Asks: 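Dumping the structure here so I can ask a few things about it.
The structure presented is a predicted model; accordingly, all values stated were derived computationally and were not measured. Positions are given from 1 along the sequence.
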Amino acid sequence: MLKYEAIASDLRKQITEGVFTPGQQLALEKEMCTQYGVSRITIKRAVDELVKEGLVVKRRGSGTFVKSLEDEDVKELSMANQFSGFAATFKGRNVGTKVLRFDIIHPEEEVAAKLQMSVDDFIYDIVRVRSLDGQPVVIEYTQMPIQLIPGIKRQVLEKSIYGYIEEELKLKIQSAHRTVRAVMPTEEEKKELDIKGVLPLLEVTQVAFLDDGRPFEFSIAHHRADRNAFRSVSIR
């Protein structure tokens, strides 16, 4: 891990654990240079990573502040109880999973950057349709580092990946940064989600983190807009 990535990870962990609270100012660049023993360029790159993730905002002439829900430019939304995973969120209902793809590939450069890994490393490439009470509600496109989340098999995909991570691997899922927008479905998505006519999808793009700040998942989920409700949540 590069120096700026390690610093970004440390700051991210402090934010998600509440060491820095919403609206609080981070230390000045020169102070962080002394604290971490690095140059201002390294600190700037680390902070810029947090800006891209939507964790902090730079205010000209004032400094860098942890974003709060009052910030006008906050775009991240989270689905209720999403840190428990889809199956646990809808416990008690008939949850179904159809695996469309389960491959091992090298990540694209953009995904590798989000997961803090090399394009020469390997990731799981997973596509699943999730259903409730026999009705398909979402298609999930998920990518995870194999080195960080080892041992995923098809039977895990048919149940709960998040359950496997926490119960079998004993890792704690802490936070996620999400953006939501409306998109139109592809022909394949119309078929898999049983869409007839015109129906936009809610696209939720997510980078999820463990409690030590390591990103373990990059995913894009396409939800039927008529079968999902969202509210803002930051960390569990």
Side-chain angles (χ1 to χ4, degrees), residues 53-54 76-91 95-119 121-132 136-181 183 185-186 188-189 191-193 201-225 227-228 230 233 235-236:
E53 294 168 7
E76 286 69 31
L77 295 177
S78 304
M79 190 163 73
N81 300 321
Q82 187 69 8
F83 295 121
S84 300
F86 188 89
T89 297
F90 298 102
K91 189 175 181 179
V95 175
T97 300
K98 178 181 178 181
V99 180
L100 299 183
R101 184 168 73 233
F102 181 34
D103 295 326
I104 293 175
I105 64 172
H106 294 294
E108 297 291 336
E109 187 173 344
E110 181 181 357
V111 174
K114 292 180 183 298
L115 294 177
Q116 298 178 12
M117 59 190 301
S118 167
V119 292
D121 294 330
F122 290 96
I123 58 172
Y124 302 107
D125 185 38
I126 303 162
V127 180
R128 299 184 296 172
V129 179
R130 315 302 297 275
S131 62
L132 287 176
V137 295
V138 58
I139 294 184
E140 300 172 340
Y141 304 87
T142 305
Q143 297 186 324
M144 292 181 173
I146 290 180
Q147 186 173 3
L148 184 58
I149 311 295
I152 289 181
K153 295 180 172 58
R154 194 176 187 89
Q155 52 264 42
V156 172
L157 303 184
E158 293 172 347
K159 295 180 180 179
S160 171
I161 299 178
Y162 277 28
Y164 171 78
I165 290 172
E166 296 205 309
E167 295 167 16
E168 299 296 327
L169 300 183
K170 305 302 181 184
L171 299 172
K172 184 178 179 182
I173 298 168
Q174 179 68 36
S175 64
H177 307 141
R178 299 187 179 110
T179 59
V180 178
R181 66 170 184 160
V183 298
T186 65
E188 181 183 12
E189 288 172 336
K191 176 183 176 182
E192 295 295 342
L193 292 177
L201 302 178
L202 292 178
E203 180 183 84
V204 181
T205 302
Q206 166 177 290
V207 179
F209 299 87
L210 300 175
D211 63 343
D212 60 6
R214 289 181 294 174
F216 74 92
E217 175 194 55
F218 172 74
S219 65
I220 297 174
H222 284 175
H223 301 257
R224 281 191 59 130
R227 295 176 183 170
N228 287 279
F230 291 81
V233 172
I235 62 173
R236 102 175 145 180

Asks: Any side-chain heavy-atom pair from D121 and L115 closer than 4.5 angstrom?
Replies: no
Asks: Is R224 reaching over with its side chain to a backbone N or O of L193, donor-acceptor style, under 3.5 angstrom?
Replies: yes
Asks: Set out, in order, the CA-CA distance, both residues' side-chain angles and the distance that settles side-chain contact (heavy atoms from CB on, under 4.5 Å) for L100 and E188, then state yes or no.
Replies: CA-CA 11 Å; L100 299 183; E188 181 183 12; 4.1 Å; yes
Asks: Quick one: closest heavy-atom pair of S118 and A112, and the distance?
Replies: C-CB, 4.1 Å
Asks: Please enumerate all residues that pass ring-ring contact (aromatic ring centres under 6.0 Å, His included) together with Y164, with sequence neighbours excluded.
Replies: none
Asks: So how far is it from Q174 CD to D212 CG, rounded to the nearest 0.5 Å?
Replies: 9.5 Å
Asks: Measuring from atom OG1 of T186 to atom CD of E192, what distance do you get when rounded to the nearest 0.5 angstrom?
Replies: 9.0 Å
Asks: Could you tell me how the ring of Y141 sits relative to the ring of H222: parallel (under 30°), tilted (30 to 60°) or perpendicular (over 60°)?
Replies: perpendicular
Asks: Quick check on side chain to side chain donor-acceptor pair (under 3.5 Å): which of R128, R130, K159 does T97 satisfy it with?
Replies: R130
Asks: Determine the minimum heavy-atom distance between Y124 and F102, stating which atoms define it.
Replies: CD2-CE1, 3.7 Å
Asks: Just distance, no hydrogens or angles: give the donor-acceptor pairs under 3.5 Å from side chains in residues 144-157, sequence neighbours left out.
Replies:
none

Asks: Would you say the side chain of L132 lies within less than 4.5 Å of the side chain of V95, judging by non-hydrogen atoms?
Replies: yes
Asks: With rounding to the nearest 0.5 Å, note down the distance linking NZ in K170 to CD1 in I165.
Replies: 13.5 Å
Asks: Which value, rounded to the nearest 0.5 Å, describes the distance between D103 atom CG and Q143 atom CD?
Replies: 10.5 Å
Asks: Counting only heavy atoms not in R101, do more than 12 fall under 6.0 Å of its CZ?
Replies: yes
Asks: Given 3.5 Å as the limit, does a donor-acceptor pair link the side chain of E217 with the main chain of Q206, or not?
Replies: no
Asks: Would I126 and I161 satisfy side-chain contact (heavy atoms from CB on, under 4.5 Å), going step by step from the backbone distance to the final call?
Replies: CA-CA 11 Å; I126 303 162; I161 299 178; 4.0 Å; yes
Asks: Distance from E140 atom CD to S219 atom OG, nearest 0.5 Å?
Replies: 7.0 Å
Asks: Does H106 use its side chain to pair, donor to acceptor, with the backbone of F122 at less than 3.5 Å?
Replies: no
Asks: State whether the number of non-hydrogen atoms from other residues, nucleotides or ligands found under 6.0 Å of E158 atom CD is greater than 12.
Replies: yes
Asks: From E108 CD over to F218 CZ, what is the distance, rounded to the nearest 0.5 angstrom?
Replies: 11.0 Å
